[in-house]
There are 2 protein chains.
Amino acid sequence: MKRIDHLDRQILQILQDDGRTPYTEIAHQLKISEGTVRSRISRLLHDGVFEFVIRTDPVKLGLNVQTIIGLNTKLGLQQQVAEELSQLPEVRFVGAFSGKHDLIIQAFFYSNTELIHFVNERLSRIEGILGADVSLELRQYKDSFSYVREDEVAINEKG
Amino acid sequence: MKRIDHLDRQILQILQDDGRTPYTEIAHQLKISEGTVRSRISRLLHDGVFEFVIRTDPVKLGLNVQTIIGLNTKLGLQQQVAEELSQLPEVRFVGAFSGKHDLIIQAFFYSNTELIHFVNERLSRIEGILGADVSLELRQYKDSFSYVREDEVAINEKG
DNA sequence: CGTGTTTTTTACGAAATTCGAAGAAATCCT
DNA sequence: AGGATTTCTTCGAATTTCGTAAAAAACACG
């Protein structure tokens, strides 16, 4: 896989803002040709560096209850638990971690009732879960989504 | 703001898979005209229901160290701490929560060294932080991103 | 350094997509 | 039912994307 250079990062940064920016427009902004933008993008896509998606607002879709749940699992059952959790549509993130919790998941619900039902009926039925610490999101301050860090692009700006 | 109907959700679901799907293609799949797709999308964009973005792979960008950090803050300083944390480029998510931790953040680093530096130099300098539980991501099982839950679209499929 | 090789970038015409706007169809309200 | 409003379709024009071939740049190695 080819190294990602500064031009790639600049392209990614523009697309992070608006994933539908025309290649011609990106080319114009970066003062390169459309063909270059196109070949860079298809290489990056091919290498799995990024993909075009949309970012929906959960609240606007009615998902008002957002949670992060830390879980502890029985030794040896962690992976199985993680895979079962991954199946659930309410769960959007599942990761294994070092630290206080073996697994941390993020889940979204239409209501508190649905959340309680999730904890009492779904989680409790999964074998290997020893405990679950539910944290309810009260307010969101940042959710940036941009892994191309602005500081990184800026540093090379003068190079 | 107009209610989001089933057709909107179908459009969103297609775009979740590939944010650059042409409107003509969406129209074809859903057996409606391109104009309808276009007007729906511009309404949804206008209402802030979604936006076109790209999803980059942090690991491919060199961000190998992914963490979730639970923080406890001094009473009354929570908001200020949250806002300071939001400024940091390493931090991509900041939320206030009920539960064991007042704030939960997600942060990404190029190396363990950078992480240690972040905890020792950056976090420790922020006034109002009482404690930080760092969880290091060992493995990711799911990171779906799709808030239009498949089950929801399916249910209405017969309506 | 210089020359051959490979990679990247540019250029350009053809195909596809997007856009604006106007008319048709459907929905809503009373 | 009838008029008003919203949503949907249609269609030509403008723009973008795509394929490809040639130019330019970067690279490798004697």
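Only this structure's heavy atoms are used, side chains among them; waters, hydrogens and symmetry mates stay out. Predicted model only: the values in this text are computed from it and were never measured. Chain letters run A, B, ... following the sequence lines, proteins first, then strands; residues in each count from 1.
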**Axis deviation across the helix from C/dC1-D/dG30 to C/dT30-D/dA1, five-pair ends, to the nearest 10°** = 50°
**Asked** Can you find a pair of side-chain heavy atoms, one from B/Val148 and one from A/Leu61, that are under 4.5 Å apart?
**Response** yes
**Prompt:** Are the side chains of A/Arg122 and A/Leu88 in touch, meaning some heavy atoms are under 4.5 Å apart?
**Reply:** yes
**Request:** Answer yes if the ring centres of B/Tyr110 and B/Phe108 are under 6.0 angstrom apart, and no otherwise.
**Result:** no
**Fill in**
Between the CG atom in B/Asp8 and the NZ atom in B/Lys2, the distance rounded to the nearest 0.5 Å is 6.5 Å
**Prompt:** When you look at NZ of A/Lys60, are more than 12 heavy atoms from neighbouring residues, nucleotides or ligands closer to it than 6.0 Å?
**Reply:** yes
**Item:** Flag if over 12 foreign heavy atoms under 6.0 Å of CD, B/Glu121
**Value:** yes
Separation of [N] [atom2] from [X] [atom1] (nearest whole Å):
X       : N      : atom1 : atom2 : value
A/Lys2  : C/dT8  : NZ    : C1'   : 9 Å
B/Asp5  : D/dT6  : CG    : P     : 16 Å
A/Phe52 : C/dT17 : CZ    : P     : 15 Å

**Asked** Where along residues 22-51 of chain B does a heavy atom come under 4.0 Å from DNA chain D, residue by residue in number order?
**Response** B/Ile32, B/Ser33, B/Gly35, B/Thr36, B/Arg40
**Check: B/Thr67 side chain, B/Ala107 main-chain N or O, donor-acceptor pair, under 3.5 Å** = yes
**Item:** N/O donor-acceptor pair under 3.5 Å between A/Lys142 side chain and B/Ser86 backbone
**Value:** yes
